[in-house]
Amino acid sequence: MFAEDTREFNYEVWSVRGPTRWGGIRPEWKTCSNGTMQSPIELLDQRVRLVSNLGRLRRSYRPANATLRNRGHDMMLKWTSDSAGFVELNGTRYFLRQCHWHSPSEHTLNGKRFDLEFHLVHQSLRGQILVVGIMYQIGVADSFLTTMESHLLHAISNRTYQERNVGIVDPNLIKIGSRRYYKYIGSLTVPPCTQNVVWFVVREVRTVARGQVSLLHVAVNDGSDTNARPIQQIHGRSLELYAYEEVENRQN
């Protein structure tokens, strides 16, 4: 379901393995080319339908053992099984599987692209996928990335490590809280570009230090200055903007 290694494709526009060719690299990746619910998209306030009665996206995260993996074009932090907890939406629990970073941002907000985008990938017991996206601009260091810096530096200094156990990582340290977020139905942004993914993109743009973004690039060391998929056509999909007090974090 999720790409564990991204070396088979790249983000170079004119490459035979670039974004416009992903659908032809493997038969099971054809959705990348012919899918009509692909991500990322432009998030335009003039296009959205404002909704105020959805209710909270409830988080119930807990510290759990994790590994940091260099997938070839990004760094992925992966938690063990269902041990890191879940988010709950409309009675369905989506368990936190992994998170990873894209630079620059994959989604754009009212035509603007930002310096970094963070994806938290969740999956229900029935295989349904929910992704929470957070965008960042250069400014004050991101506190969660700060906790990962020593592991990223180790990845740089010792290239023999494709995957490194980083011990207990608490996803509650990831700052998600915002009064508004966008919701739409899209896809994974890497092959196989699986569709019917529920996307929640936080409206508030957070900050990250320039050195932290550079550290992610150097740790991957794939020679590319981007790992962001180009904007995809919306094909008439609805885009909703939800307003609520805060993302609730509920402990078991």
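Computed from a predicted structure; not experimentally measured.
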Undergrad: Can you tell me how far the CG atom of L173 sits from the CE atom of M148, to the nearest 0.5 Å?
TA: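 If I round to the nearest 0.5 Å, the distance is 8.5 Å.
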Undergrad: Run through H217, H100, H119, R69 and flag the one making a side chain to side chain contact (heavy atoms under 4.5 Å, CB included) with D74.
TA: H100
Undergrad: Please step through side-chain contact (heavy atoms from CB on, under 4.5 Å) for the pair Y182 and V48, ending with a clear verdict.
TA: CA-CA 8 Å; Y182 299 95; V48 303; 3.7 Å; yes
Undergrad: Is there a side-chain hydrogen bond (donor to acceptor under 3.5 Å, both in side chains) between Q38 and Q195? Walk through the geometry before answering.
TA: CA-CA 7 Å; Q38 291 291 289; Q195 297 194 140; 3.0 Å; yes
Undergrad: Please give me the minimum heavy-atom distance between N10 and S15, naming the atom from each residue.
TA: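 Minimum heavy-atom contact is ND2-OG, 3.0 Å.
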Undergrad: Report yes if the side chains of V13 and P19 come closer than 4.5 Å at any heavy-atom pair, otherwise no.
TA: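 No, their side chains stay 4.5 Å or more apart.
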Undergrad: Give, for atom NZ of K183 and atom OG of S238, the distance between the pair rounded to the nearest 0.5 Å.
TA: 7.0 Å
Undergrad: Is the distance between the ring centroids of F86 and F95 under 6.0 Å?
TA: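 Yes, the ring centres sit under 6.0 Å apart.
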Undergrad: Looking at S103, is its backbone amide N or carbonyl O close enough to the side chain of N227 to form a donor-acceptor pair, meaning the two atoms are under 3.5 Å apart?
TA: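 Yes: the side chain of N227 pairs with the backbone of S103.
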Undergrad: Using a 4.5 Å cut-off on heavy atoms from C-beta on, say whether the side chain of R180 contacts that of L241.
TA: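 Answer yes - side chains close enough.
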Undergrad: Taking the side chain as every heavy atom from C-beta outward, state whether V131 and L120 have any atom pair closer than 4.5 Å.
TA: no
Undergrad: Applying the side-chain hydrogen bond (donor to acceptor under 3.5 Å, both in side chains) test to T189, which of E117, E106, R229 qualifies?
TA: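 With T189 as partner, E117, E106, R229 yield a single side-chain hydrogen bond (donor to acceptor under 3.5 Å, both in side chains), made by E106.
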Undergrad: Is the shortest heavy-atom distance from the side chain of V16 to the side chain of I25 under 4.5 Å?
TA: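 Side chain of V16 against side chain of I25, heavy atoms only: no contact under 4.5 Å found.
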Undergrad: How about R210: does its CZ atom have over 12 heavy atoms from other parts shown lying under 6.0 Å from it?
TA: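 Check fails, neighbour count at 12 or below.
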Undergrad: Between the side chains of R203 and D45, is the shortest nitrogen-to-carboxylate-oxygen separation below 4.0 Å, so that they form an ion pair?
TA: yes
Undergrad: Where do R59 and I174 come nearest, in terms of heavy atoms and distance?
TA: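 Nearest heavy atoms, R59 then I174: NH1-O, 3.4 Å.
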Undergrad: What do the steps show when you test L239 against L44 for side-chain contact (heavy atoms from CB on, under 4.5 Å), and what is the final call?
TA: CA-CA 9 Å; L239 176 63; L44 297 174; 5.5 Å; no
Undergrad: With the side chain counted from C-beta on, respond yes when L68 and M76 share a heavy-atom pair under 4.5 Å apart, and no when they do not.
TA: no
Undergrad: Taking the six-membered ring for Trp, are W199 and Y184 parallel (under 30°), tilted (30 to 60°) or perpendicular (over 60°)?
TA: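 Aromatic pair W199/Y184 classed parallel.
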Undergrad: For the pair K30 and E28, find out whether any cationic side-chain nitrogen is under 4.0 Å from an anionic carboxylate oxygen.
TA: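 Between E28 and K30 there is no salt bridge, as every charged N stays at least 4.0 Å from the carboxylate O atoms.
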Undergrad: Looking at side-chain heavy atoms only, is the closest gap between R113 and I231 below 4.5 Å?
TA: yes
Undergrad: Check the angle between the aromatic planes of F144 and W101 and answer parallel, tilted or perpendicular using the 30° and 60° thresholds.
TA: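 Taking W101 first and then F144, their aromatic rings lie parallel (interplane angle under 30°).
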Undergrad: Under the side-chain hydrogen bond (donor to acceptor under 3.5 Å, both in side chains) criterion, do H154 and R164 qualify, and how do the steps go?
TA: CA-CA 9 Å; H154 181 86; R164 173 176 168 81; 3.2 Å; yes
Undergrad: Less than 4.0 Å between a side-chain N and a carboxylate O, is that true for R26 and E8?
TA: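 Salt bridge present between E8 and R26.
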Undergrad: I need the Q46 CD to N110 CG distance, nearest 0.5 Å.
TA: 7.5 Å
Undergrad: Of all the heavy-atom pairs spanning D142 and L145, show the shortest one and how long it is.
TA: OD2-N, 2.9 Å
Undergrad: Between E149 and Q212, does a side-chain contact (heavy atoms from CB on, under 4.5 Å) hold up when you go through it step by step?
TA: CA-CA 8 Å; E149 286 181 1; Q212 291 180 315; 3.0 Å; yes
Undergrad: What distance do L188 atom CG and I129 atom CD1 have between them, rounded to the nearest 0.5 Å?
TA: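 So the gap between those two atoms works out to 4.5 Å.
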Undergrad: Can any side-chain N or O of Q98 pair as donor or acceptor with the backbone N or O of L96 at less than 3.5 Å?
TA: no
Undergrad: Rounded to the nearest 0.5 Å, how far apart are CG of N65 and OG1 of T80?
TA: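 Atom-to-atom, N65:CG and T80:OG1 are 4.5 Å apart.
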Undergrad: Could you check S105 against Y136 for side-chain hydrogen bond (donor to acceptor under 3.5 Å, both in side chains), going step by step and ending with a plain yes or no?
TA: CA-CA 8 Å; S105 68; Y136 301 79; over 6 Å; no
Undergrad: For the atom pair CH2 (W79) and CD1 (I168), what is the distance rounded to the nearest 0.5 Å?
TA: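 W79 atom CH2 to I168 atom CD1 measures 11.5 Å (nearest 0.5 Å).
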Undergrad: Would you indicate whether Q233, at its atom CD, is surrounded by more than 12 heavy atoms from other residues, nucleotides or ligands within a distance under 6.0 Å?
TA: no
Undergrad: Verify salt bridge (Lys or Arg N to Asp or Glu O under 4.0 Å) between R97 and D82, making sure each step is shown before the conclusion.
TA: CA-CA 7 Å; R97 303 297 192 196; D82 300 336; 2.3 Å; yes
Undergrad: What do the steps show when you test N165 against T67 for side-chain hydrogen bond (donor to acceptor under 3.5 Å, both in side chains), and what is the final call?
TA: CA-CA 4 Å; N165 191 312; T67 56; over 6 Å; no
Undergrad: Ring centres of H73 and Y11 under 6.0 Å apart?
TA: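 Yes.
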